[in-house]
Number of protein chains: 2
Amino acid sequence: MITSTGNARVKNVIQLQTRARARKDSRQFVAEGFRMVSEAPADRIVSIYASETFARCNSGYMSTIQVPYEMVSDNVFAQMSDTRTPQGILAVIKMAEYGIGDIIAHDNGLYVIVENLQDPGNLGTIIRMSEAAGVDGIIMSPNTVDIYNPKTIRSTMGSLYRVPFVYADDFAGTLEQMKSKGVELYAAHLEGSVEYTEPDYTKASAFVIGNEGNGLTDAVTNICSNRIRIPMAGKVESLNAAIAASVLTFEAARQRRNGKG
Amino acid sequence: MITSTGNARVKNVIQLQTRARARKDSRQFVAEGFRMVSEAPADRIVSIYASETFARCNSGYMSTIQVPYEMVSDNVFAQMSDTRTPQGILAVIKMAEYGIGDIIAHDNGLYVIVENLQDPGNLGTIIRMSEAAGVDGIIMSPNTVDIYNPKTIRSTMGSLYRVPFVYADDFAGTLEQMKSKGVELYAAHLEGSVEYTEPDYTKASAFVIGNEGNGLTDAVTNICSNRIRIPMAGKVESLNAAIAASVLTFEAARQRRNGKG
């Protein structure tokens, strides 16, 4: 059992939890909690750490774990954890490596594209609801918040493992590439001329969502063939990015189940 | 200018920021930031506090303020603020006093009912998107998180002032009362037999949303005449409460604009 935070492996976990750079360099991240560990694809798990108390109270579960795990004292686990009340289990996991080609290979695919989203919880919520709405992949601008931020991972509730995503270094080029493959790009825009319920989303479609405070840049808006607007009552100036993405993708899902109209 | 955190008025603001009890007893709360202060209904503002720096940099705005304001040193303001990077302005505001009678007085009203919601950000997001979707009022079970929690207030983005709401002490009785007034109650339920796009929401309708972790209690579900389900692809077990509420209310808004079907 590891009882010191000076242990090199413990230090490594703490680095992965707190530093995006460490995650990027190692191509690994930390998934914390019973659910995130148990849903992790077995072939991507590098190592598992359990607190002494967790291991004692969940011996049945621990015996089902396929990879060798390391027990750590509760105090050390508290240091490794990103949460105030740690469940007592975490795993170091290899990042998924999707290419844009894998993601847009679908016929009539449904996509969510985000530009410069900054709130980790918003991004995680978008990934979770995207899986539920049947989205085939998420494309992010390179300046979007790190998807492997512990808060984002937590709010995906496991969808992180199942929804393909990519940071597109050449964001504008990727959008043009999608257009050339026949994907209609719909910019969610406060000044959109078309109500979001009008277009036919049963064909290949992508919703393009902007930054929480500033919306989409003009450069990205101009690449999109369509600007759509969610009608808003009252004096609301804009919707939260995750809410806007949900309203749009569930309208697409509705059309895909029931037909347009 | 107030320069000591020992000042009685400063202490009062800190109490209102940190203690639900203090808010309840005084029927007052704190709204922080330029936007929340400038959108506050003038007749409900009790007092305004500005940091020295804010007042100096925004003298034009300060001269438009109708109520006498108090200047405090930047250090004292930092103590009064709920945020890490305070904007430098806050107001003490009288709570709105809505009755259930005011809220359900609409013809064909649209309502959101929440049972035991616990996340302040979720509640705030629900209030904001409810205004945008044209919701006439929000009814909350008494064990729902405090709507005047600073985090909730922040995430409403001003909708707190405009969407009527009530904590229904007799929650079950209030739901029965709504039914007797002709409001159809739709329980958002994972085991709902009806897809949420099927019912006609152009008549008086209320969506009933449960707790983040546990959903609706059986007692409340049983009061509702309808259980509706949001179809979910993939392996998602549930949607975030605010996302579910958004998908439902924007479907109702869509029907109310474009007709059912």
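Chain A is the first sequence line, chain B the second, and so forth, proteins listed ahead of strands; every chain is numbered from 1. Since the model is a prediction, treat every value here as computed from it, not as a measurement.
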Report task. Given side-chain contact (heavy atoms from CB on, under 4.5 Å), test Val247(B) with Val247(A) step by step and report yes or no. Result -> CA-CA 5 Å; Val247(B) 170; Val247(A) 170; 5.8 Å; no
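- Only the side chain of Arg162(A) comes within contact range of chain B, with heavy atoms under 4.5 Å apart.
- When all heavy atoms are compared, the tightest approach of Ala132(B) to Val236(A) is N-CG2, 3.6 Å.
- Scanning residues 104-121 of chain B against chain A with a 4.5 Å heavy-atom cutoff picks out nothing at all.
- Heavy-atom pairs under 4.5 Å with chain B peak, among Gly134(A), Ala133(A), Pro231(A), at Pro231(A).
- In this view, Ala244(B) and Ile230(B), Leu239(B) satisfy the side-chain contact (heavy atoms from CB on, under 4.5 Å) rule, not counting sequence neighbours.
- Across all non-hydrogen atoms, the minimal contact from Phe250(B) to Tyr196(A) is O-OH, 3.7 Å.
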Requested in this report: Output, in order, the C-alpha distance, side-chain angles, deciding distance and verdict of side-chain contact (heavy atoms from CB on, under 4.5 Å) for Arg254(A) and Glu251(B).
Outcome: CA-CA 10 Å; Arg254(A) 185 187 74 82; Glu251(B) 168 63 11; 3.6 Å; yes
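- Atom CD of Glu97(B) has more than 12 heavy atoms from other residues, nucleotides or ligands within 6.0 Å.
- Using a 4.5 Å cut-off between heavy atoms, Thr249(A) does not touch chain B at all.
- In terms of non-hydrogen atom pairs under 4.5 Å with chain A, the most contact-rich of Met129(B), Glu39(B), Glu237(B) is Glu237(B).
- No more than 12 heavy-atom neighbours from other residues, nucleotides or ligands sit within 6.0 angstrom of CD on Glu191(B).
- Looking at Met157(A), there are no atoms closer than 4.5 Å to chain B (heavy atoms on both sides), in backbone or side chain.
- Neither the backbone nor the side chain of Arg256(A) comes within less than 4.5 Å of any heavy atom of chain B.
- Separating the OG1 atom in Thr197(B) from the CG atom in Asn258(A) is a distance of 4.5 Å, to the nearest 0.5 Å.
- For Ser246(A), the parts sitting under 4.5 Å from any heavy atom of chain B are the backbone and the side chain alike.
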